Q: 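Before I ask anything, here is the structure I am working with.
As the structure is a prediction and not an experimental result, all values here were calculated from the model. Below, read A as the first sequence line, B as the second, and so on, with proteins coming before strands; counting in each chain starts at 1.
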Amino acid sequence: MLDIKKIRNNSNEVTQSLVRKDKNLSINHILSLDNDLKSLTTELNNLQAEQNSKSKEVGILKSKGESTELVFKDLKVLSDKIKDLEKEQRSLSSNLKNALLEIPNTPHETSPDGLSEKDNIVVSEKGVKKDFNFEIKDHIELGKQLDILDFEVAAKMSGSGFPLYKGDGALLERALINFMIDYHLKNFNYTEFFTPYLVKPESAVTTGQLPKFSEDMYHIEKDDLFLIPTAEVPLTNIHKDDILKVKDLPKYYLGYSSCFRREAGSYGKDTRGLLRVHQFNKVELVKFVEPENSYKELKLLVKQATNILGLLELDYRIIELCTGDLSFAAAKCFDLEVWAPGEKKWLEVSSCSNFEDFQSRRGNIRFKNNEGKLDFLHTLNGSGLATPRIFAAFIETHQNEDGTISIPDCLQPYMGKSEIK
RNA sequence: GGAGAGGUGGCCGAGUGGCUUAAGGCGCACGCUUGGAAAGCGUGUAGAACGCAAGUUCACGCAGGUUCGAAUCCUGUCCUCUCCGCCA
């Protein structure tokens, strides 16, 4: 959520920034609601002040045993007027709040201009794109041949988009998850969480999925709970309504979870095999930091996620998202992509974003700054990482001519073997 | 699913219709004291809106209602805790 004061005092600047994300965005309705609310509030406050002082008179008159009839007459008129205005104020202020919740975050000034993913910038590429001197297979073929992935059986029980990992496939998936968790815990100061998978609507409002993107999540109607699309949601809401101490910042939280996404409207678009699924596994990294440090922390976050790809001996590149491709809540974002030689595609496996105070305003997550004042802190998150596309790129990259998969050193302790055959 | 208790400032906690502009404590800040620290003493501090400020108003989970006036009474709702039931 954007700061209404900032919108009010710098409306041109905010508009200019927002249209970099989406040229159709406008905040005019917000400005007019805010204006109405402001003048109404002023009027109401004056009436309330009058009511307060007159009511006090009642107490004094009564204690003296004098008649209160005259004052009551005035007060009754005032009271009715105030009630009307209060009703109007409530409705205006809730309209304003709802409108604000629909406005995306403004992009950071350094986020490059652009309309779509075509305009994203490749920051760096460690994509040697290993040479194969044999006919390589894609992950679907490999998965079938090695009997480690079974999409047909999965579809029988759940429909399309739900992978079933089998034997060494299940082992590899589990090894990847454990390796990634351990890596972050050992090398950086993360606290591990195992979170609920179902959250209340307000939790999804904090992180920005609601109210705008309810179609993207699975909803349990009977209990009005949403299946988490990422552990970012519960991890961020750990501190909803909290006031953190500046000496406790930054806070680094890590959580593995299954993630559930309806992927409505994306049928037929890169949905082969593991490329786009309704349920997948992800190790998520969330940071709560002081505003002045958030961009430094973003850099570090990208590095923390990237290191994993190097250790897994995958080819990858870092992409900086242009304004038009930034998510609703992000001010700046770097994506990590791995090269899947079988698919002959770059696959997005991580998104590292700085949300600045956008989420913390929505979730009322504050800290006491050095001057003792309460302020909204900055939140960041990044996947560290999402497994299904890693899995695909992994078996495609490490396949051998005889159809076996070599396991890189970092994963061997978790697999208990050096190849899948 | 059934029964009960409760939700007040950063935290704890008093408060059952009108000097509550929310007592008291903890914490925090500053000062005194001290060789230094702790303790002690003193002073201050408290969320939100509008405003340069003075100030005004709002805020006692949330939403309604009663009343001239609500933290306090009524209704609904959400959440937390305890007990019972069910259960991996």
Q: Taking the P atom of each, how far is B/G24 from B/U34, in whole Å?
A: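 Each nucleotide's P atom is 30 Å from the other's.
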
Q: Answer with yes or no whether the side chains of A/T41 and A/Q89 bring together a donor and an acceptor at under 3.5 Å.
A: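 Yes.
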
Q: May I ask which nucleotide in the shown strands pairs with B/A22, Watson-Crick or G-U wobble, both distances under 3.5 Å?
A: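 Base-paired to nothing in any strand shown.
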
Q: What residue among A/Y252, A/Y253, A/Y256 forms ring-ring contact (aromatic ring centres under 6.0 Å, His included) with A/Y190?
A: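 Only match with A/Y190 under ring-ring contact (aromatic ring centres under 6.0 Å, His included): A/Y252.
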
Q: Can you tell me which nucleotide in B/C50, B/G10, B/U56 comes closest to the side chain of A/N45?
A: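 Nearest listed nucleotide: B/U56.
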
Q: Considering Watson-Crick and G-U wobble pairs with both distances under 3.5 Å, what does B/A38 pair with?
A: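 Its partner: none found.
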
Q: Just N and O in the side chain of A/K38: are any of them under 4.0 Å from OP1 or OP2 of B/C50?
A: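 No, because none of the side-chain N or O atoms of A/K38 sits under 4.0 Å from OP1 or OP2 of B/C50.
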
Q: With no hydrogens and no angle check, do the side chains of A/E141 and A/Q399 hold a donor and an acceptor under 3.5 Å apart?
A: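 Looking only at side-chain atoms, A/Q399 and A/E141 do not form any donor-acceptor pair under 3.5 Å.
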
Q: With rounding to whole Å, what would you report as the distance between B/U43 and B/G25 at their P atoms?
A: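 Here B/U43 and B/G25 have their P atoms 11 Å from each other.
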
Q: Tell me: NZ of A/K54 to P of B/G18, nearest whole Å?
A: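 A/K54 atom NZ is separated from B/G18 atom P by 22 Å.
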
Q: Look through every strand shown and name the nucleotide pairing with B/A59 as Watson-Crick or G-U wobble, where both distances are under 3.5 Å.
A: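 Pair assignment: B/A59 / none.
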
Q: What is the separation between atom CG on A/L100 and atom P on B/A49, rounded to the nearest whole Å?
A: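 Computing the A/L100:CG to B/A49:P distance gives 13 Å.
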
Q: Measuring only the C1' atom in each nucleotide, how far is B/G18 from B/A22? A whole number of Å is fine.
A: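 The same atom, C1', in both gives a distance of 15 Å.
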
Q: Using Watson-Crick or G-U wobble geometry with both distances below 3.5 Å, tell me the partner of B/C87, or none.
A: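 In the structure as shown, B/C87 has no Watson-Crick or wobble partner.
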
Q: Paired with B/C79 by Watson-Crick or G-U wobble geometry, both distances under 3.5 Å: which nucleotide is it?
A: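 With both distances under 3.5 Å, B/C79 matches B/G6.
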
Q: How far does the P atom of B/G64 sit from the matching atom of B/U72, given to the nearest Å?
A: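 These two P atoms come out 14 Å apart once rounded.
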
Q: Ignoring the backbone of A/R8, work out which of B/C50, B/U66, B/G65 is nearest its side chain.
A: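 Minimum distance to the A/R8 side chain belongs to B/C50.
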
Q: If you assign each of A/E86 and A/Q51 to its closest nucleotide in RNA chain B, which residue comes earlier from the 5' end?
A: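 The residue closer to the strand's 5' end, by nearest nucleotide, is A/E86.
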
Q: Which value, in whole Å, describes the distance between the P atoms of nucleotides B/G76 and B/A59?
A: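 Here B/G76 and B/A59 have their P atoms 23 Å from each other.
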
Q: Of the nucleotides B/G69, B/U57, B/G65, which one has an atom closest to the side chain of A/Q48?
A: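 Of the options given, the side chain of A/Q48 lies nearest B/U57.
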
Q: Paired with B/U67 by Watson-Crick or G-U wobble geometry, both distances under 3.5 Å: which nucleotide is it?
A: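 By the stated definition (distances under 3.5 Å), nothing pairs with B/U67.
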
Q: Within this structure, what is the CG-to-C1' distance between A/L85 and B/C58, rounded to whole angstrom?
A: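 It works out to 14 Å between those atoms.
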
Q: Which nucleotide sits closest to the side chain of A/L374: B/U67, B/G65, B/G47?
A: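 Among B/U67, B/G65, B/G47, the one nearest the side chain of A/L374 is B/G47.
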
Q: For the residue pair A/Y165 and A/F391, is the inter-centroid distance of their aromatic rings smaller than 6.0 Å?
A: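 Judged by ring-centre distance (under 6.0 Å), A/Y165 and A/F391 do meet the cut-off.
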
Q: Side chain of A/S79 only, heavy atoms from C-beta on: which candidate in B/G65, B/G47, B/G69 is closest?
A: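 So the side chain of A/S79 is nearest to B/G69.
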
Q: Tell me: CG of A/D34 to P of B/C50, nearest whole Å?
A: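 After rounding, the gap between these two atoms is 8 Å.
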
Q: How about A/T110 and A/K332: does a side-chain donor come under 3.5 Å of a side-chain acceptor?
A: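 Judged by distance alone, the side chains do pair up.
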
Q: B/U56 P sits how many Å from A/L78 CG, rounded?
A: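 So the CG-P distance, A/L78 to B/U56, works out to 17 Å.
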
Q: With rounding to whole Å, what would you report as the distance between B/U57 and B/G6 at their C1' atoms?
A: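 Roughly 30 Å separates the two C1' atoms.
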
Q: Rounding to a whole Å, what distance do you find between A/E43:CD and B/C50:C1'?
A: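 Rounded to the whole Å, the gap is 14 Å.
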
Q: Given that A/L44 and A/K245 both sit by RNA chain B, which one's nearest nucleotide is further toward the 5' end?
A: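 The answer here is A/K245.
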
Q: With a cut-off of less than 4.0 Å, is there a side-chain N or O of A/R366 near OP1 or OP2 of B/G47?
A: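 No, no such contact exists.
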
Q: According to the Watson-Crick and G-U wobble definitions, with both distances under 3.5 Å, which nucleotide is paired to B/A54?
A: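 No nucleotide pairs with B/A54.
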
Q: With both distances under 3.5 Å as the test, what is the Watson-Crick or G-U wobble partner of B/G27?
A: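 Across any shown strand, B/G27 pairs with B/U45.
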
Q: Measure the distance from CG on A/N364 to C1' on B/G10 and round it to the nearest whole Å.
A: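 Those two atoms, CG and C1', are 13 Å apart.
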
Q: Under a 4.0 Å threshold between the charged nitrogen and the carboxylate oxygen, would A/E337 count as salt-bridged to A/K345?
A: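 A salt bridge is absent here (no side-chain N lies under 4.0 Å from a carboxylate O).
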
Q: Expressed in whole Å, how much space separates the C1' atoms belonging to B/C79 and B/G31?
A: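 My reading of the C1' atoms in B/C79 and B/G31 gives 43 Å.
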
Q: Can any side-chain N or O of A/S360 pair as donor or acceptor with the backbone N or O of A/L377 at less than 3.5 Å?
A: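 Yes; judged by distance alone, with no hydrogens or angles, the pair exists.
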
Q: Among B/U57, B/G65, B/G51, which nucleotide has an atom closest to any side-chain atom of A/R90?
A: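 The answer is B/G65.
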
Q: Ignoring hydrogens and geometry, is there a side-chain-to-backbone donor-acceptor pair from A/Q279 to A/F162 under 3.5 Å?
A: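 No; judged by distance alone, with no hydrogens or angles, the pair does not exist.
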
Q: When you measure from the side-chain N and O atoms of A/T41 to the phosphate of B/U57, is any distance below 4.0 Å, counting only OP1 and OP2?
A: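 Answer no for this pair, as no side-chain N or O of A/T41 is under 4.0 Å from OP1 or OP2.
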
Q: From NZ of A/K83 over to P of B/U57, roughly how many Å is that when rounded to an integer?
A: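 My rounded result for the distance is 19 Å.
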
Q: Using the P atom as the reference point in each nucleotide, state the distance between B/C12 and B/A49 in Å, no decimals.
A: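 24 Å, rounded to whole Å.
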
Q: Of the nucleotides B/C50, B/C68, B/G10, which has the atom closest to the A/I243 side chain?
A: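 So the nucleotide nearest the side chain must be B/G10.
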
